[in-house]
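This structure is a prediction, so every number in the text was calculated from the model and none was measured. Below, chain A is the first sequence line, B the second, and so on; all start at residue 1.
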Amino acid sequence: ETGVTQSPTHLIKTRGQQVTLRCSSQSGHNTVSWYQQALGQGPQFIFQYYREEENGRGNFPPRFSGLQFPNYSSELNVNALELDDSALYLCASRLAGPTGELFFGEGSRLTVL
Amino acid sequence: DQQVKQNSPSLSVQEGRISILNCDYTNSMFDYFLWYKKYPAEGPTFLISISSIKDKNEDGRFTVFLNKSAKHLSLHIVPSQPGDSAVYFCAASALQGAQKLVFGQGTRLTINP
């Protein structure tokens, strides 16, 4: 059983650019969510996808968008990057249901200059 | 608006003794609570959870206590081992809605030999 994998692990962008982060869910998991973890803070919920549709969103602007594919892999896209977008972006997957535990990937560390 | 708070950024405990990590929450809609552990360069890993219908859940060396009236939960690790040195995040969710997790800021636990 493979775990949650994310790519790239590190990347550097400049302000105003766009970035796409990718995630491969744990086998059999149909729900994926993305979190942003700023330095010294806990992860913050960005959004969640279930069966290719967004079914929950945190307090993030529309320039944060996502996709979930039929094989349950996922993308996080961020447009018009700002300096404050520098953070660790975590993807997590789980089975649908109220108390399914989240399994996290190692994260993609984004630096915006 | 920090709905989940871990007021101790760090904790140092001697090997073999008890480690107690604390977490407070403000949202009375939260009814499921989890603890995650994070090593450097890895994603958070699930440790233990508790539903609001219980006040205690135990798994080996790890016990979580929930005091709903005080909106407080704690994680006890007995006995503490060097491998327990990590950042511990408390998280909460409401079973309704998107089941997003709201995380605290984390507590860095160091176990000294």
Could you check whether any side-chain N or O of B:Y36 sits under 3.5 Å from a backbone N or O of A:F104, counting only pairs where one atom can act as donor and the other as acceptor? no
Are B:Y25 and B:Y88 connected, step by step, through hydrophobic side chains (Ile, Leu, Val, Met, Phe, Trp, Tyr) whose heavy atoms are closer than 4.5 Å? yes
Distance, nearest 0.5 Å, that separates CG of B:L101 from CD of A:Q44: 13.0 Å
Checking heavy-atom separations under 4.5 Å from chain A, one finds in residues 42-73 of chain B B:E42, B:G43, B:P44, B:F46
Hydrophobic clustering (ILVMFWY, side-chain heavy atoms < 4.5 Å, transitive) - are A:Y49 and A:Y89 grouped together? yes
Verify, without hydrogens or angle tests, whether A:Y35 (side chain) and B:F103 (backbone) share a donor-acceptor contact under 3.5 angstrom. no
Show every donor-acceptor pair shorter than 3.5 Å between a side-chain atom in residues 106-113 of chain A and any protein atom, with sequence neighbours excluded, or say none if there are none.
from, atom 1, to, atom 2, distance (Å)
A:S108, OG, A:P8, O, 2.5

Are A:L67 and A:Y50 in one and the same hydrophobic cluster, where Ile, Leu, Val, Met, Phe, Trp and Tyr link if side-chain heavy atoms are under 4.5 Å apart? no
What's the spacing between B:K100 NZ and A:L102 CG if we round to 0.5 Å? 13.0 Å
Name the member of A:C91, A:G42, A:P43 that forms the most heavy-atom pairs with chain B at distances under 4.5 Å. A:P43
With a 6.0 Å cut-off (strictly less than), is the heavy-atom count around CG of A:N71, excluding the residue itself, greater than 12? yes
For residues A:F45 and A:F64: do they belong to one hydrophobic cluster (side chain heavy atoms under 4.5 Å, members Ile, Leu, Val, Met, Phe, Trp, Tyr)? no
Residues in side-chain contact (heavy atoms from CB on, under 4.5 Å) contact with B:I18, at least two apart in sequence or another chain: B:I20, B:H76, B:V78
Closest approach of A:Q37 to B:F89 (non-hydrogen atoms, all atoms of both residues): NE2-CZ, 3.2 Å
Can you establish whether the number of heavy atoms outside A:R15 located under 6.0 Å from its atom CZ is more than 12? no
Just to verify, what does A:L39 make a side-chain contact (heavy atoms from CB on, under 4.5 Å) with, not counting sequence neighbours? none
